[in-house]
Amino acid sequence: MNTFPIFNKKNTPILIAGPCSAESEEQVLKTAHALAKQNIDLFRAGIWKPRTRPGSFEGVGKIGLKWLQKVKQETGLKVTTEVANTIHIHEALSHEIDVLWIGARTTVNPFSVQEIADALQGIDIPVMIKNPINPDLKLWVGAIERIYNAGIKKIAVIHRGFSHHGESNFRNIPRWQIPIELKRLFPQLEIICDNSHICGRRDTLQKVAQKAIDLNFDGLMTEIHPNPDEAWSDAAQQITPKIYKELINGLIVRSLASDNPKFIETLEHLRLEINEIDNELIHILGRRMKIADKIGQYKKENNIAILQTSRWNEILDKQIKKGNKIGLSKNFMSILLRAIHQESINHQAEIMNKK
Ligand code: PEP
Ligand code: MN
């Protein structure tokens with residue numbers, strides 16, 4: 001894919017902000033005027049809202065598009081809204097919406113994404129694609145490809161986290177490795193962090209925004225409401241324009257590179273050290289697997305089962321404690337040990353099942 005950036009901003013984050021939903025002309029314009037003063041790059045507002053359960057507010061519908069046109073006239077801001085089907089696209093286009101976005105509940109469904117792609121055939125408008133609600137990178141890539149194949153070249157992606165079951169501090173778990181992998185595969189895609197839908201609450205918005213910037217994301221999408229507690233959707237996560245200003249001013253944006261020779265030399269040196277350690281780690285893991293092979297052979301000759309739970313629990317427990325003492329988190333240790341253990345089992349199984 002050979003996509004082009006939508007925003008093409010250097011050095012400072014792309015800022016997309018606006019209410020979760022357009023509720024009234026007054027609410028939309030009030031928010032937009034406040035945000036225009038803060039030099040945001042794109043004003044967002046949901047007109048059609050995909051709500052989890054029926055009976056909640058499902059958006060004001062196309063009358064809201066007129067309010068967005070007014071935002072453009074009065075503030076000069078560019079505007080974006082979510083589209084999920086052909087009718088939405090025709091309405092959005094006939095009301096001069098500048099950028100379209102595809103929501104997380106739409107990205108999951110290839111039929112819907114293809115319908116959108118077909119409706120966009122031959123039309124030149126930038127599209128932002130949110131991650132699917134489930135942590136499936138291929139599905140996200142598939143949606144990007146469908147839109148790209150329709151001839152849309154200006155594409156960006158929005159990371160809004162992933163659904164889960166059970167307790168979490170996040171409304172949608174970020175699973176940062178998924179957007180990072182997407183960026184590795186398609187470095188030219190601008191990647192925006194929707195901190196509002198990841199957090200689902202106000203007090204963690206800043207921290208998640210900073211994390212995204214530290215991970216070299218290109219920008220942020222944040223929900224803003226003049227009176228968040230009264231919002232008709234996603235009240236718990238929306239903030240006022242004033243709090244938004246503080247959030248943005250509080251961000252530390254680090255540059256990607258430096259031309260200070262001392263800095264370059266030091267970094268180069270540390271990276272070499274890391275490379276050497278990585279080489280050693282791989283070598284040691286290889287040695288460990290060779291021993292697993294021997295054990296496999298020995299168990300085979302004596303007709304003993306591969307998995308011995310008591311031995312495994314003992315290793316896990318002991319090594320997690322050791323790791324902890326030198327600053328390796330329990331979570332990391334347990335993922336690492338489990339991966340090593342699984343590879344050992346695979347090696348042994350191969351040997352034991354060899355005819
Ligand atoms: C939204 O941006 O308001 C929205 C509905 O988001 P998502 O598709 O990420 O749930
Ligand atoms: Mn929302």
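Small disclaimer: the values here were computed from a predicted structure and weren't measured. As a basis for the values below, the full set of heavy atoms in this structure was taken, side chains included, without hydrogen atoms, waters or symmetry mates. Numbering of ligands and ligand atoms starts at 1, following listing order.
- The closest approach of Asp234 to the Mn ion (ligand 2), by N/O/S atoms, is made by OD2.
- For ligand 1, the polar-atom distance check against Glu223 finds a nitrogen or oxygen pair separated by under 3.5 Å.
- Within ligand 1, the atoms closer than 4.0 Å to a non-hydrogen atom of Arg160 are 7 (P), 9 (O), 10 (O), numbered from 1 in the order shown.
- Between the Lys49 side chain and the Cys20 main chain, a donor and an acceptor come within less than 3.5 Å of each other.
- For Gln297 and Glu301, the side-chain atoms include at least one donor-acceptor pair closer than 3.5 Å.
- By the 3.5 Å distance cut-off applied to N or O atoms, Ala104 is counted among the residues near ligand 1.
- Formation of a donor-acceptor pair under 3.5 Å by the Trp232 side chain with backbone atoms of Ser56 is not found in this model.
- The Mn ion (ligand 2) sits nearest to atom OE2 when only the N, O or S atoms of Glu223 are considered.
- Val208 is not listed as a side-chain neighbour of Gln210, based on a closest heavy-atom distance of 4.5 Å or more.
- Lys78 forms no cation-pi arrangement with Phe43, by the criterion of a distance under 6.0 Å to the ring centre and an angle within 45° of the ring axis.
- Not one N or O on the side chain of Ser21 forms a donor-acceptor pair closer than 3.5 Å with the backbone of Glu23.
- Of all the atoms in ligand 1, the ones that sit under 4.0 Å from a non-hydrogen atom of Cys20 are 3 (O).
- Exactly one residue among Arg160, His164, His159 makes a side chain to side chain contact (heavy atoms under 4.5 Å, CB included) with Phe162. That residue is His159.
- Using a 4.0 Å cut-off to heavy atoms of Arg105, the atoms of ligand 1 that qualify are 7 (P), 8 (O), 10 (O).
- Formation of a donor-acceptor pair under 3.5 Å by the Tyr244 side chain with backbone atoms of Gln238 is not found in this model.
- Grouping the Ile, Leu, Val, Met, Phe, Trp and Tyr side chains by contacts below 4.5 angstrom, directly or via other members, places Ile6 apart from Phe186.
- Every N/O-N/O distance between Asp194 and ligand 1 stays at or above 3.5 Å.
- Looking at atom 1 (C) of ligand 1, its nearest protein heavy atom turns out to be His197 CE1, 3.2 Å.
- Atoms SG of Cys20 and NE2 of His197, as seen from the Mn ion (ligand 2), are separated by an angle of 170°, to the nearest 10°.
- If you number the atoms of ligand 1 from 1 as listed, the ones under 4.0 Å from a heavy atom of Gly103 come out as 8 (O).
- The closest non-hydrogen atom to atom 7 (P) of ligand 1, taken over Lys130, Arg44, Arg171, Lys49, comes from Lys130.
- Below 3.5 Å of separation, one finds no N or O of Glu82 facing any N or O of ligand 1.
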